[in-house]
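Note that these values count all heavy atoms, side chains included, but never hydrogens, waters or copies made by symmetry. Ligands are counted one by one from 1 in listed order, and the atoms in each one are counted from 1 as well.
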Amino acid sequence: MADIAANLKSVCDKILYAATKRTSEHQYYEPRLVAVSKLQSTESILSAYKAGQRHFGENYVNELVEKALNPQILEKCKEIQWHFIGNLQRNKVNKILSVPNLYIIESVGNEKLADLLNNSWPKFRKSDNCKLNVMVQVNTSQEEEKNGCDIVEVSTLVKHIINNCHNLKFMGLMTIGMFGYDITNGPNPYFTCLIKCREKISNELAIDIKNIELSMGMSNDYEHAIELGSTNVRVGTAIFGNRPQKNT
Ligand SMILES: *Cc1c(COP(=O)(O)O)cnc(C)c1O
């Protein structure tokens, strides 16, 4: 089994180091590490939590619900913060909103999903006026099989969330990008695309850039993403080792 505590320490150190290489305009925040535990065991999550990790990311609704309700997790990981980062089907919305310690849904890609989350959240929230954190996922690589809204629709979707979805808190933008980009060729174009989207919505909707997070960067490029200004990196393999296959 992977030495999760050692891997986690190494990733955290690299994040801190990468953060020092940012331009001064980006020095106002600490990047957040989301440990992506999809397809990994409950034991792996417990190990990472014990080593100090609090934010965890999952891609599949059923798996997240199962883990979040696991008695050991409930007992030993009281401060866990779950990030949902996968494709969210509309018929699973009630299921996901019932997750204890749900911190954010990073993968909102269209108005219908935003509306459904907005309308359903009051049935699940623990206190009045507590908003559900969301990010808008952008399909920066314009690949058919990737989720997320088109680059040209980001502004409209964000505007819709802010103006019409009063139970949601818009936190920022998320992207995956095309796999396998070689950064010796320069800044990752999918990351720079997300940065441009942020600039555009900041200008068009008069939102301070500092209030729009960027969720980008995974195991093979999180340091690069942080240097470019990522506020939230989603790292799985570098912490937990290779993932078991998903049985379908
Ligand atoms: C699986 C996954 C990750 C983590 O990938 P690694 O390469 O294992 O770090 C990050 N983001 C999303 C959306 C994922 O599906």
Side-chain angles (χ1 to χ4, degrees), residues 1-4 6-15 18 31-41 44-45 47-48 51 53-67 81-89 92 96 99 102-110 113 133-149 154 171-183 188 190-191 193-194 197 213-228 230-248:
M1 214 177 100
D3 186 344
I4 291 171
N7 291 346
L8 190 61
K9 166 115 185 27
S10 154
V11 169
C12 290
D13 287 348
K14 286 178 185 170
I15 287 175
R32 182 192 301 111
L33 170 62
V34 180
V36 177
S37 48
K38 65 174 179 229
L39 305 176
Q40 303 288 359
S41 64
S44 297
I45 296 174
S47 302
Q53 181 61 26
R54 291 296 176 268
H55 289 263
F56 288 79
E58 290 282 341
N59 284 59
Y60 309 105
V61 177
N62 292 343
E63 185 182 345
L64 171 54
V65 171
E66 214 171 280
K67 284 172 171 168
Q81 306 282 322
W82 292 109
H83 291 230
F84 187 74
I85 59 176
N87 180 22
L88 180 54
Q89 287 162 334
K92 297 269 177 71
I96 197 140
V99 164
L102 178 66
Y103 177 72
I104 191 168
I105 294 180
E106 295 197 16
S107 44
V108 178
N110 58 69
L113 178 59
N133 293 330
V134 296
M135 285 191 196
V136 164
Q137 182 175 357
V138 186
N139 187 356
T140 51
S141 50
Q142 298 172 298
E143 293 165 282
E144 285 280 335
E145 70 278 11
K146 289 240 163 75
N147 297 310
C149 76
V154 178
M171 295 277 283
L173 304 176
M174 182 273 236
T175 201
I176 299 174
M178 202 181 285
F179 296 120
Y181 175 75
D182 178 0
I183 61 167
N188 180 315
Y190 313 107
F191 296 170
C193 173
L194 199 68
C197 289
E213 288 205 28
L214 295 176
S215 172
M216 57 190 199
M218 307 182 9
S219 286
N220 55 1
D221 54 13
Y222 63 94
E223 295 159 274
H224 176 65
I226 285 173
E227 284 179 42
L228 293 178
S230 175
T231 67
N232 185 87
V233 289
R234 310 177 308 268
V235 179
T237 317
I239 297 170
F240 297 110
N242 285 331
R243 273 184 287 278
Q245 293 287 316
K246 182 168 171 63
N247 7 319
T248 42

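Atoms of ligand 1 found under 4.0 Å from any heavy atom of Ile176 (numbered from 1 in listed order, with element): 13 (C). The atoms of ligand 1 that sit less than 4.0 Å from any heavy atom of Val235 are 9 (O).
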query: Going through the distances and angles, do Ser44 and Ser47 end up as a side-chain hydrogen bond (donor to acceptor under 3.5 Å, both in side chains)?
result: CA-CA 5 Å; Ser44 297; Ser47 302; 5.9 Å; no

query: So Asn133 and Glu106, side-chain hydrogen bond (donor to acceptor under 3.5 Å, both in side chains) or not? Walk me through it.
result: CA-CA 8 Å; Asn133 293 330; Glu106 295 197 16; over 6 Å; no

- request: Determine, stepwise, if the pair Ser10 / Asn7 fulfils side-chain contact (heavy atoms from CB on, under 4.5 Å).
  value: CA-CA 5 Å; Ser10 154; Asn7 291 346; 5.7 Å; no

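Using the six-membered ring where Trp is involved, Phe56 and Phe240 have ring planes that are tilted, between 30° and 60° apart.
Closest to atom 12 (C) of ligand 1 among all protein heavy atoms lies Ile85 CD1, 3.6 Å. Here the heavy atom of the protein found nearest to atom 9 (O) of ligand 1 is Ser219 OG, 2.5 Å. Of all protein heavy atoms, the one lying nearest to atom 11 (N) of ligand 1 is Arg234 NE, 2.9 Å. Of the protein's non-hydrogen atoms, Thr237 OG1, 2.5 Å is the one closest to atom 8 (O) of ligand 1. Nearest protein heavy-atom neighbour of atom 5 (O) of ligand 1: Met218 CE, 3.5 Å. Here the protein heavy atom with the shortest distance to atom 2 (C) of ligand 1 is Lys38 NZ, 2.5 Å.
Residue Gly236 places at least one N or O, backbone or side chain, under 3.5 Å from an N or O of ligand 1.
Under the 3.5 Å distance criterion, with hydrogens and angles disregarded, a donor-acceptor pair is assigned to the side chains of Ser215 and Arg234.
The shortest separation from a heavy atom of Arg243 to ligand 1 is under 4.0 Å, placing the residue in contact.
For CD of Glu66, the number of neighbouring non-hydrogen atoms (other residues, nucleotides, ligands) closer than 6.0 Å is 12 at most. Atom CG of Asp13 has more than 12 neighbouring heavy atoms from other residues, nucleotides or ligands inside a 6.0 Å radius.
Counting heavy atoms under 4.0 Å from ligand 1, residue Asn59 touches it through the side chain alone. Within the 4.0 Å heavy-atom criterion, neither part of Asn220 lies near ligand 1.
Here the side chain of Lys146 pairs no donor or acceptor atom with the backbone of Ile176 at under 3.5 angstrom.
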